[in-house]
2 protein chains.
Amino acid sequence: MRVTIRDVARAAGVSVTTVSRALNGAADVGEETRQRVIEVAKQLNYRPSHVARSLVLRKSQNIGLLVSDFRKGGHHFLYDVLVGVHDTLAEYGYDVTLVSTDTARQQLVSYVDFCRARGLDGVIVMGIRLDDPYVEEVVESTLPSVVIDLPLLSRHCGYVMTDNVNGARYAVRHLVSRGCKRIGFVNGAAHAAVSRERLRGFEEAVRQYVGAFDERLVVYGDFTLEGGQRALAELLAKSPDVDGVFFASDLMAIGGIQHCKAMGIRVPDDLAVVGFDDIDLARFVTPALTTVAQPRYEMGCEAAKMLVHMLQKGEMPSGTLLPPQLVVRETA
Amino acid sequence: MRVTIRDVARAAGVSVTTVSRALNGAADVGEETRQRVIEVAKQLNYRPSHVARSLVLRKSQNIGLLVSDFRKGGHHFLYDVLVGVHDTLAEYGYDVTLVSTDTARQQLVSYVDFCRARGLDGVIVMGIRLDDPYVEEVVESTLPSVVIDLPLLSRHCGYVMTDNVNGARYAVRHLVSRGCKRIGFVNGAAHAAVSRERLRGFEEAVRQYVGAFDERLVVYGDFTLEGGQRALAELLAKSPDVDGVFFASDLMAIGGIQHCKAMGIRVPDDLAVVGFDDIDLARFVTPALTTVAQPRYEMGCEAAKMLVHMLQKGEMPSGTLLPPQLVVRETA
DNA sequence: TTGCGCTTCCAAAACGTTTTCGGGTATATT
DNA sequence: AATATACCCGAAAACGTTTTGGAAGCGCAA
């Protein structure tokens, strides 16, 4: 059936030890025998079994991509990060297997056990929320991990996220430069770490660029389209004089714009809008959405790179912030 | 370190054989010892090593998700399918590991070898094109596989795709029912299997519902936004009297609509438009796009199910067509 | 001759499971 | 009393690798 190292050894007239050494570039094997072994291996189309190798080496060159909530929205985000993770992990010679918290939860098993059973060398966590019970596990376990979009740092757990506070600052600064005097903020969900940071950036920027910070100008929209509509309505009811709004997500921003259309408010003339994320939609919606873009693909790459460094060089995990970028279109 | 089956055996005062049997529900182990073993295993938080098990069982309960071109567009499509695959595979107790043709190609290794080296039990292929050299491998290899969106059928290879010809028929029928008399078709790429099928459906439906089929009414737009713009311009140049257009993708349809806006053509009054795919964008664009939706998630599920049936019950692979669905919005 | 250091190779153990085959008891059958 | 029949259980082999601890050969110095 399968051609094993034993077959190669027999065909080359050496021991399995020598075959292993020859193929793995070990020192103590004669040059001519090495060549012969390599030749024979190619001849037989020999592929070492990753499984067997994993068993003896006690590492699988396989890392898990733990996704907390596969189904729910966030398509773009998760996908791009996933691709980034895959690409750079592949570069380093690692495979990636999908793990969803749902299946782990369903089997009533801690996610660490789930990963250990599969011999995963490490795990990249994304889409997890601050109030998820798995968070504790992530930071406490000795399984090397890096979390995306949640600032968790411990002995074996690093994180990478966009620089949300600066992203929010860019948004506000841009609104101000466009002449906005009274700027509102439609935030996402209070429990989300990114929301807190964006709020901080918003507040700092407002203090810096316009002066007083009026906390009645921040409302919450739950990251959804409808939430954006509702939240903007609420904001305008409280403060009819706002002339610019920063939304913590593009989806909410689009909802807000829909609300504006319904109410006869002109964007950006009556109300300037800037979103967050730069989802595909942003360029297609009319008017095209000005937004601050997250480097989704790069986040995946960075997370993968950090994990590999932890694994291979024993580096300590760290927290990395990736710079967002303001994309100016038509709404502000 | 790791708690193995031996530890459990020792703690329970039985042999490893018995532990294995007890935990795997084999028949010949006394009920009391079984309970004792289970108790001890839970006590020690024992998790069988999937790696060791894979080695001896010669199957990994792990299937590969081969993505031909991760980066390029198709975000929504690939992501939804991926989630569907993952969900149902998880249900059946299989893990899924990501495989991109790029990495295989880069290592100058056939994708089958790539999968075999990793001990994958089967593979689900998506995003592959008809002219990809891997196609031959897929149909000829004995590695169980199912392909998405490409009608490849062989002893070990099945496929699942949407019923593109009926999808196209729905589109045409709807345009006709809206009163269109002269209907154009902006197809994708000539080499894509789906394009051929949609063309067939279009032609059949035109013959059935309007009468003569004029092949000058079909142009190609390469599935891109710009391609859609160009193609529609070309179509209108050749036949200014078309009053309805079916686009083989939403992206092209949106491009076409942009072209209409630029030319002062009213949609749907002057020109009715229906797209294909139902990407997220479709509902947000103005006017909202009428389109025929592909059951992306279900395609993933179906593919996974077929593969599992092949693996577990030795079923022969088959070709399944999933019904698309017309989503009527504002453009037609 | 002996001893020593190189180089090149190998036998065997180990990784953590499953499974085959057979051994031992107790109970039922002749 | 002998034998068959269940029923439990265990020793050992197997899966395909890597690695440890020598061993054999050889040249060279003492």
Side-chain angles (χ1 to χ4, degrees), chain A residues 1-38 40-41 44-62 93 95 113-121, chain B residues 1-38 40-41 44-62 93 95 113-121:
Chain A
M1 289 220 39
R2 181 188 186 113
V3 30
T4 79
I5 199 177
R6 237 172 286 272
D7 300 320
V8 178
R10 203 171 315 135
V14 294
S15 73
V16 297
T17 308
T18 303
V19 175
S20 176
R21 293 205 134 99
L23 295 181
N24 293 332
D28 59 349
V29 39
E31 195 47 34
E32 50 181 331
T33 42
R34 153 165 288 134
Q35 290 308 328
R36 182 157 36 97
V37 167
I38 290 177
V40 168
L44 299 182
N45 193 28
Y46 167 65
R47 308 282 161 194
S49 155
H50 286 217
V51 172
R53 185 177 294 177
S54 297
L55 184 59
V56 56
L57 292 186
R58 276 123 123 217
K59 51 183 176 177
S60 59
Q61 294 289 103
N62 198 332
D95 291 338
D113 287 340
F114 191 90
C115 292
R116 282 206 202 287
R118 283 155 181 75
L120 301 178
D121 294 342
Chain B
M1 292 219 39
R2 184 192 181 107
V3 30
T4 80
I5 199 177
R6 237 173 287 274
D7 300 321
V8 178
R10 202 171 316 133
V14 295
S15 73
V16 296
T17 308
T18 303
V19 174
S20 176
R21 288 226 258 262
L23 295 181
N24 293 333
D28 57 350
V29 38
E31 195 46 35
E32 51 180 330
T33 42
R34 153 164 289 134
Q35 289 308 328
R36 181 156 36 99
V37 167
I38 290 177
V40 169
L44 299 182
N45 193 29
Y46 167 67
R47 309 282 161 195
S49 156
H50 285 218
V51 172
R53 185 178 296 182
S54 298
L55 185 59
V56 56
L57 259 14
R58 276 123 128 220
K59 50 184 177 176
S60 59
Q61 293 289 102
N62 197 334
D95 291 338
D113 287 340
F114 191 90
C115 292
R116 281 208 203 287
R118 285 156 179 74
L120 301 178
D121 293 342

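To find a chain, count down the sequence lines: A is the first, B the second, and so on, and within it residues start at 1.
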statement: Taking every heavy atom of A:S60 against every heavy atom of A:L120, the minimum-distance pair comes out as OG-CA, 3.8 Å
message: What I'd like to find out is whether the side chain of B:D95 reaches to under 4.5 Å of the side chain of B:Q61, using heavy atoms alone.
response: no
query: Counting only N and O atoms by type, is there a donor-acceptor contact under 3.5 Å from the side chain of B:R36 to the main-chain atoms of B:A12?
result: yes
message: Contact list please: residues 21-32 of chain B against DNA chain C, heavy atoms, distance less than 4.0 Å, in numerical order.
response: B:R21, B:N24
query: What is the nucleic acid contact for A:V51, judged by heavy atoms within less than 4.0 Å: base, sugar-phosphate only, or nothing?
result: nothing
task: Tell me, yes or no, whether the heavy-atom count around B:E32 atom CD, taken from other residues, nucleotides or ligands under 6.0 Å, exceeds 12.
output: no
task: For B:R36 and for B:R58, find the nucleotide of DNA chain D with the closest heavy atom, then tell me which residue's nucleotide is more 5'.
output: B:R36
- request: Mind checking A:S54 for me? I need base, sugar-phosphate or nothing, with any heavy atom below 4.0 Å counting as a touch.
  value: nothing
- prompt: From the 5' end of DNA chain D to its 3' end, which nucleotides mark the outer limits of contact with chain B, defined by a 4.0 Å heavy-atom distance cut-off (strictly under)?
  reply: D:dC8 to D:dG16
field: Contact nearer the 5' end of DNA chain D, comparing B:A52 with A:L57
entry: B:A52
task: Map A:T33 and A:V16 onto DNA chain C by nearest heavy atom, then report which one ends up closer to the 5' terminus.
output: A:T33
message: Taking B:R47 first and then A:D113, would you say they form a salt bridge - that is, a charged N and a carboxylate O separated by under 4.0 Å?
response: yes
message: Show the nearest heavy-atom pair for residues A:N45 and A:V3, with the distance to one decimal.
response: O-CG1, 4.1 Å
field: Close side-chain approach of B:D7 and B:R10, heavy atoms under 4.5 Å
entry: yes
task: Run the numbers on B:T17 and B:S20 for side chain to side chain donor-acceptor pair (under 3.5 Å), then give the verdict.
output: CA-CA 5 Å; B:T17 308; B:S20 176; over 6 Å; no
task: Look at B:S20 and C:dT18 and indicate whether a side-chain polar atom (N or O) is within less than 4.0 Å of OP1 or OP2.
output: yes
message: Categorize A:T17 for me: base, sugar-phosphate, or nothing, with a 4.0 angstrom heavy-atom threshold over every strand shown.
response: base
